A.B. asks: 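Quick one: the structure is below, questions incoming.
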Amino acid sequence: MLKTLLLTGAAGGVGKAIRPLLREIAEKVVLSDMVDIADLASHETFVKCDLSIREEVDAAVAGVDGIIHLGGISVERPFELILKGNIEGVYNLYEAARHNGQPRIIFASSNHTIGFHRRDEKLDGNSSVRPDTLYGVSKCFGENLASFYFDKFGQETLSVRIGSLTAKPQNSRMLATWLSAQDFVSLCARGFEAPRLGNAVVYGASDNFESWWDNSHAAFLGWKPRDSSAKWRAEILAEAGKEDPTDPAHIYQGGGFTKLRHPADG
Ligand SMILES: NC(=O)c1ccc[n+]([C@@H]2O[C@H](COP(=O)([O-])OP(=O)(O)OC[C@H]3O[C@@H](n4cnc5c(N)ncnc54)[C@H](O)[C@@H]3O)[C@@H](O)[C@H]2O)c1
């Protein structure tokens, strides 16, 4: 059990979904975001922090013994925004960690680091990155920064390539990519509890019937997802109808992100 966990990006969708479950991991939770959060539970405090401002990140990280880093840009956006939130932001976080006792970091990476792999490929720990957006490229930067900070400074990180963390799967792609909030939190717990974490990258999906990802390289974590998209499978497949097999959104793992225009092209 951690004494104090920092949750960045706590005002976002994933932050809201996992907050009620974080008592399993930590006695106290410091929530942080660039927007205010008012509805604090008794074990929660709030620190306002723009990840692109180093001093604010330092203040958020000071005194914590674990970090779940959700903060930043979570979809394709103009590069200037991605630069602030996901490049400068993750650098500031690792520098703050380096100067504040190196608390373990769970980094919310993304399936969009590997989005241009086809759906008929099974990916594992040796698969190359194939980002599908500038956003995906920024998550590759975060994973690489984690690797560098481990090899150089011993900072431990679990990067989770989150599939789709939503209340329930919303389309046929999410039958493979869906990750329940509870399974994500149990994965974070394993990341904090593992005797030796090092720098690990795992695919974040529940125990779904459809599966594109093999996490056997991370078996040492002992993570067993309990939830599954299967209970919505019949309903979703009935609604999905016949998908166009030539549509890149159905060919590639990154789905519709593979078809997005460059943000500078409007
Ligand atoms: N939701 C998913 O299915 C999914 C899938 C893959 C990866 N992820 C990753 O998980 C994390 C959380 O996702 P989400 O869906 O909750 O995203 P979200 O956009 O709902 O929340 C992100 C939060 O980060 C904050 N933020 C943005 N820029 C910031 C900055 N410069 N400084 C401080 N705070 C900043 C925002 O205010 C927001 O509250 C993101 O890093 C995202 O890339 C999510």
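Counting starts at 1 for both ligands and their atoms, following the listed order. Here the structure is a predicted model, which means the values were calculated and not measured. Scope of the values below: all heavy atoms of this structure, side chains included, with no hydrogens, waters or symmetry mates.
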A.B. asks: Is Glu44 salt-bridged to Lys28, going by a charged N under 4.0 Å from an acidic O?
C.D. replies: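 No, this pair does not count.
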A.B. asks: If you have a sec, work out which protein heavy atom is nearest atom 6 (C) of ligand 1 and how many Å separate them, to one decimal?
C.D. replies: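 Here the nearest protein heavy atom works out to Ile162 O, 3.2 Å.
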A.B. asks: Do me a favour and list the nearest non-hydrogen protein atom to atom 40 (C) of ligand 1 with residue, atom name and distance?
C.D. replies: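 Protein heavy atom with the smallest distance to atom 40 (C) of ligand 1: Leu70 O, 3.1 Å.
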A.B. asks: Near Gly9, which atoms of ligand 1 are under 4.0 Å from a heavy atom of that residue?
C.D. replies: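 Every atom of ligand 1 under 4.0 Å from some heavy atom of Gly9: 23 (C), 24 (O).
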A.B. asks: For Glu76, which residues count as a side-chain hydrogen bond (donor to acceptor under 3.5 Å, both in side chains) partner, sequence neighbours excluded?
C.D. replies: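 Once residues adjacent in sequence are excluded, Glu76 has no partner under the side-chain hydrogen bond (donor to acceptor under 3.5 Å, both in side chains) criterion.
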A.B. asks: Look at atom 15 (O) of ligand 1 and say which protein heavy atom is nearest, naming residue and atom and giving the distance to 0.1 Å.
C.D. replies: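 Answer, as residue, atom name and distance: Val14 CG2, 3.7 Å.
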A.B. asks: Short N/O distance, under 3.5 Å, between Ser52 and ligand 1?
C.D. replies: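 No, Ser52 has no N/O under 3.5 Å of an N/O on ligand 1.
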A.B. asks: Give the residue, atom name and distance (to 0.1 Å) of the protein heavy atom nearest atom 21 (O) of ligand 1.
C.D. replies: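 Closest protein heavy atom to atom 21 (O) of ligand 1: Gly12 CA, 3.3 Å.
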A.B. asks: Below 4.0 Å from ligand 1: does a non-hydrogen atom of Arg161 turn up there or not?
C.D. replies: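 Heavy atoms of Arg161 never come under 4.0 Å of ligand 1.
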A.B. asks: Could you tell me, atom by atom, which parts of ligand 1 come under 4.0 Å of a heavy atom of Gly71?
C.D. replies: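 Contacts of ligand 1 toward Gly71, numbered from 1: 24 (O).
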A.B. asks: Under a 3.5 Å threshold, yes or no: a donor from one side chain and an acceptor from the other, between Asn111 and Arg173?
C.D. replies: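 Arg173 and Asn111 do have a side-chain donor-acceptor pair below 3.5 Å.
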A.B. asks: Could you tell me whether Arg196 and Glu156 make a salt bridge, using a distance below 4.0 angstrom between a side-chain N and a carboxylate O?
C.D. replies: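 Not counted as a salt bridge, because no side-chain N and carboxylate O are separated by less than 4.0 Å.
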A.B. asks: Please identify which atoms of ligand 1 are closer than 4.0 Å to at least one heavy atom of Gly163.
C.D. replies: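 Here the atoms of ligand 1 in question are 3 (O), 5 (C), 6 (C).
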A.B. asks: Tell me which protein heavy atom sits closest to atom 32 (N) of ligand 1, plus the residue, atom name and distance to 0.1 Å.
C.D. replies: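 Protein heavy atom at minimum distance: Leu51 N, 2.8 Å.
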A.B. asks: Whether Arg98 engages the ring of Phe153 as a cation-pi pair (distance to the six-membered ring centre under 6.0 angstrom, angle to the ring normal within 45°) should be assessed.
C.D. replies: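 Relative to the ring axis of Phe153, which defines the angle, Arg98 lies inside both limits.
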A.B. asks: Measure from the side-chain N and O atoms of Asp65 to the backbone N and O of Thr4, and report whether any donor-acceptor pair falls under 3.5 Å.
C.D. replies: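 Yes, because the side chain of Asp65 sits within donor-acceptor range (under 3.5 Å) of the backbone of Thr4.
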A.B. asks: Counting each atom of ligand 1 from 1 as listed, which ones have a heavy atom of Ser109 under 4.0 Å away?
C.D. replies: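 Numbered from 1, ligand 1 contributes 6 (C), 7 (C).
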A.B. asks: Which one of Val57, Leu165, Asp33 has a non-hydrogen atom at the shortest distance from atom 3 (O) of ligand 1?
C.D. replies: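 Answer by nearest heavy atom: Leu165.
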A.B. asks: Is any N or O atom of His69, backbone or side chain, closer than 3.5 Å to an N or O atom of ligand 1?
C.D. replies: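 So ligand 1 has no N or O lying under 3.5 Å from an N or O of His69.
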A.B. asks: Between the side chain of Thr8 and the main-chain N/O of Gly71, is any donor-acceptor distance below 3.5 Å?
C.D. replies: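 Side chain of Thr8 to backbone of Gly71: a pair is present.
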A.B. asks: Taking only Lys NZ, Arg NE, NH1 and NH2, and the carboxylate oxygens of Asp or Glu, determine whether Glu235 and Lys168 approach each other closer than 4.0 Å.
C.D. replies: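 Looking at Glu235 and Lys168, the cut-off is met.
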A.B. asks: Please state which protein non-hydrogen atom is closest to atom 18 (P) of ligand 1 and give its distance, to 0.1 Å?
C.D. replies: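 For this ligand atom, the closest protein heavy atom is Ser74 OG, 3.6 Å.
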A.B. asks: Between Asp247 and Lys259, does any side-chain N to carboxylate O distance fall below 4.0 Å?
C.D. replies: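 Salt bridge: yes.
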A.B. asks: Below 3.5 Å, N or O to N or O, backbone or side chain included: is there any such pair between Asn111 and ligand 1?
C.D. replies: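 Between Asn111 and ligand 1, no N or O pair is found under 3.5 Å apart.
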A.B. asks: Judging by distance only, is a nitrogen or oxygen of Lys84 under 3.5 angstrom from one on ligand 1?
C.D. replies: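 No, there is no polar N/O contact under 3.5 Å.
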A.B. asks: With heavy atoms only and a cut-off of under 4.0 Å, state how Ser32 meets ligand 1: side chain, backbone, both or neither.
C.D. replies: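 Near ligand 1, Ser32 shows nothing, with every heavy atom at 4.0 Å or more.
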A.B. asks: Considering only non-hydrogen protein atoms, determine which one is nearest to atom 43 (O) of ligand 1 and report residue, atom name and distance to 0.1 Å.
C.D. replies: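 For this ligand atom, the closest protein heavy atom is Tyr135 OH, 2.6 Å.
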A.B. asks: Pairing donors with acceptors under 3.5 angstrom, does anything connect the side chains of Glu243 and Ser172?
C.D. replies: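 Yes, because at least one side-chain N or O of Glu243 sits under 3.5 Å from a partner of the opposite role on Ser172.
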A.B. asks: Quick one: sort the Tyr91 and Tyr149 rings into parallel, tilted or perpendicular, breaks at 30° and 60°.
C.D. replies: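 Answer is perpendicular, since the angle exceeds 60°.
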A.B. asks: Looking at atom 31 (N) of ligand 1, what's its closest protein heavy atom, distance included?
C.D. replies: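 Ranking protein heavy atoms by distance from atom 31 (N) of ligand 1, first comes Asp50 OD1, 3.3 Å.
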A.B. asks: Go through it in stages, so that I can follow the logic: the residues are Glu143 and Phe107, the test is side chain to side chain contact (heavy atoms under 4.5 Å, CB included), and I'd like the CA-CA distance, side-chain angles, deciding distance and then a yes or no.
C.D. replies: CA-CA 8 Å; Glu143 290 185 6; Phe107 170 55; 4.2 Å; yes
A.B. asks: Looking at Ser164, which atoms of ligand 1 are within less than 4.0 Å of one of its heavy atoms?
C.D. replies: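 Checking each atom against Ser164, I get 3 (O).
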A.B. asks: Counting heavy atoms only, which of Gly136, Gly72, Gly15 comes nearest to atom 27 (C) of ligand 1?
C.D. replies: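 Of the listed residues, Gly72 has the closest heavy atom.
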A.B. asks: Do Gly85 and ligand 1 have an N or O pair less than 3.5 Å apart?
C.D. replies: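 Not met; the criterion fails.
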A.B. asks: Which of the numbered atoms in ligand 1 are under 4.0 angstrom from any heavy atom belonging to Cys49?
C.D. replies: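 By the 4.0 Å cutoff, the relevant atoms are 32 (N), 33 (C).
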A.B. asks: Using a plain distance cutoff, I'd like to know if Val35 has any nitrogen or oxygen under 3.5 Å from a nitrogen or oxygen of ligand 1.
C.D. replies: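 Between Val35 and ligand 1 (N or O atoms, distance only) the closest approach is not under 3.5 Å.
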A.B. asks: Using a 3.5 Å distance criterion without hydrogens, assess whether the side chain of Asp183 forms a donor-acceptor pair with backbone atoms of Ser206.
C.D. replies: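 Looks like no, no N/O pair under 3.5 Å.
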A.B. asks: Does this structure show an ion pair linking Arg226 with Asp207, if we count only N-O contacts that are shorter than 4.0 Å?
C.D. replies: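 Salt bridge flag = no for Asp207 with Arg226.
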